[in-house]
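Residue numbers run from 1 in the order of the sequence given.
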Amino acid sequence: VHNGVRQVDAGDRVVKGAGEDKVVLFLGRVTMQKGPEYFIAAARRVLEIMDDVKFIVAGTGDLWRRIVELAAEWGIGHRVLFAGFLGSADVLRAFRIADLYVMPSVSEPFGIAPLEAASQHVPVLVSKTSGVAEVLRNALKVDFWDVDEMANKIVGVLRHPPLASTLRQHGSFDVRRRSWSDAARQCLQVYEGAVGLMNGK
């Protein structure tokens, strides 16, 4: 039984004017499991192609200092905002300005943040090894270690509005069937089936 997502009404997205920077968001624990180093490496590749993109790293963890240093070492620190931990209201604000959400997890049993992003009409890019990749059919997927392909897909979403629009619309359909009440109902069905098998013996 897959996790659900809290259904929060998507507010008005921030409408960007011509020439305003695109925003790519990483939201999660800044630990090896979540792949923040791959996110920064992909950001470096994207910025070699596009110069009107900002990257937001929202979260804290034991790799935070390391990725700040990487961004500085690679000369992209001015294009990466390290926002730290965000409360729920600020998370919603981050989704509303994001043009793409990226979760390049190395190891991820599931991952609820991509569902939250999709519920806020944000296109989603996740690693193929994440559990959420099983239920988000309308998300882009990439091997976490393939930084070049990740960068190519980021550029594709940012440069092609029809692709971004399709991911937004269809991604929100995916999450409508992923409420916690539905997950609880499925759990009950599993338990009832197991009890029925035991009693049948």
Should Tyr38 and Asp146 be marked as a side chain to side chain contact (heavy atoms under 4.5 Å, CB included) after you check the CA-CA gap, both sets of side-chain angles, and the distance that decides it?
CA-CA 8 Å; Tyr38 297 103; Asp146 195 342; over 6 Å; no
Checking Tyr101 side chain against Leu27 main chain: does a donor-acceptor pair fall under 3.5 Å?
yes
Minimum heavy-atom separation for Val80 and Ala71, please, with both atom names.
CG2-CB, 4.4 Å
Taking C-beta and beyond as the side chain, do Leu125 and Met103 meet within less than 4.5 Å on heavy atoms?
no
Can you tell me how far CD1 of Ile112 sits from CD of Glu116, rounded to the nearest 0.5 angstrom?
6.5 Å
Residue pair Val24, Ile56: steps toward the side chain to side chain contact (heavy atoms under 4.5 Å, CB included) verdict
CA-CA 6 Å; Val24 180; Ile56 298 176; over 6 Å; no
Rounding to 0.5 Å, atoms CD (Gln120) and CG (Leu92) come to a distance of 5.0 Å
Could you give the distance from OG (Ser107) to NZ (Lys34), rounded to the nearest 0.5 Å?
9.5 Å
Val57 side chain near Leu81 side chain, heavy-atom distance below 4.5 Å:
no
Flag the pair Ile97 / Arg93 as yes when at least one side-chain heavy-atom distance between them is below 4.5 Å, and no otherwise.
no
Same apolar cluster (I L V M F W Y, side chains within < 4.5 Å links), Phe85/Ile67
no
When you compare the side chain of Leu63 with that of Glu37, does any pair of heavy atoms fall below 4.5 Å?
yes
With side chain to side chain contact (heavy atoms under 4.5 Å, CB included) as the criterion, how do Met150 and Val102 come out once you've worked through the C-alpha distance, each side chain's angles and the decisive distance to 0.1 Å?
CA-CA 9 Å; Met150 194 183 307; Val102 178; 4.2 Å; yes
Assess whether atom NZ of Lys141 is packed by more than 12 heavy atoms of other residues, nucleotides or ligands within 6.0 Å.
yes
Residues Val126 and Ala133: closest non-hydrogen pair is CG2-CB, 4.2 Å
Which is it for Gln33 and Val106 under the side chain to side chain contact (heavy atoms under 4.5 Å, CB included) test, yes or no, and what are the steps along the way?
CA-CA 5 Å; Gln33 176 193 358; Val106 175; 5.8 Å; no
Any salt bridge between Arg79 and Asp51, counting N to O under 4.0 Å?
no
Working to the nearest 0.5 angstrom, can you tell me the gap between Asp21 CG and Met50 CE?
9.5 Å
Any chance you could measure Arg96, atom CZ, to Leu25, atom CG, to the nearest 0.5 Å?
13.5 Å
Test item: Phe26 and Pro36 side chains (from C-beta on) under 4.5 Å apart, heavy atoms:
yes
Count the heavy atoms of every other residue, nucleotide or ligand shown that sit under 6.0 Å from CH2 of Trp74, and state whether that count exceeds 12.
yes
If every non-hydrogen atom of Pro123 is compared with every non-hydrogen atom of Leu167, which pair is closest and at what distance?
CB-CB, 3.9 Å
Using ring centroids (six-membered ring only for Trp), state whether Phe55 and Phe39 fall under 6.0 Å.
yes
Approximate separation, where rounding is to 0.5 Å, of Ser165 OG and His160 NE2
14.0 Å
Shortest non-hydrogen contact from Asp99 to Val157?
O-CG1, 4.0 Å
Closest non-hydrogen contact found for Pro104 with Phe144 is O-CB, 3.4 Å
Note: Lys22-Asp52 ion pair, threshold 4.0 Å (strictly below):
no
Do the side chains of Ile49 and Ile76 join up, straight or via other hydrophobic residues, at under 4.5 Å, putting them in one cluster?
yes
Answer whether the closest heavy-atom distance between the side chains of Leu100 and Val124 falls below 4.5 Å.
no
Identify the two heavy atoms, one from Phe95 and one from Ala113, that lie closest to each other, and give their separation to 0.1 Å.
CZ-O, 4.1 Å
Flag side-chain contact, heavy atom, 4.5 Å: Val30 against Asp62
no
Are Asp148 and Arg45 side-chain neighbours, meaning at least one heavy-atom pair lies under 4.5 Å?
yes
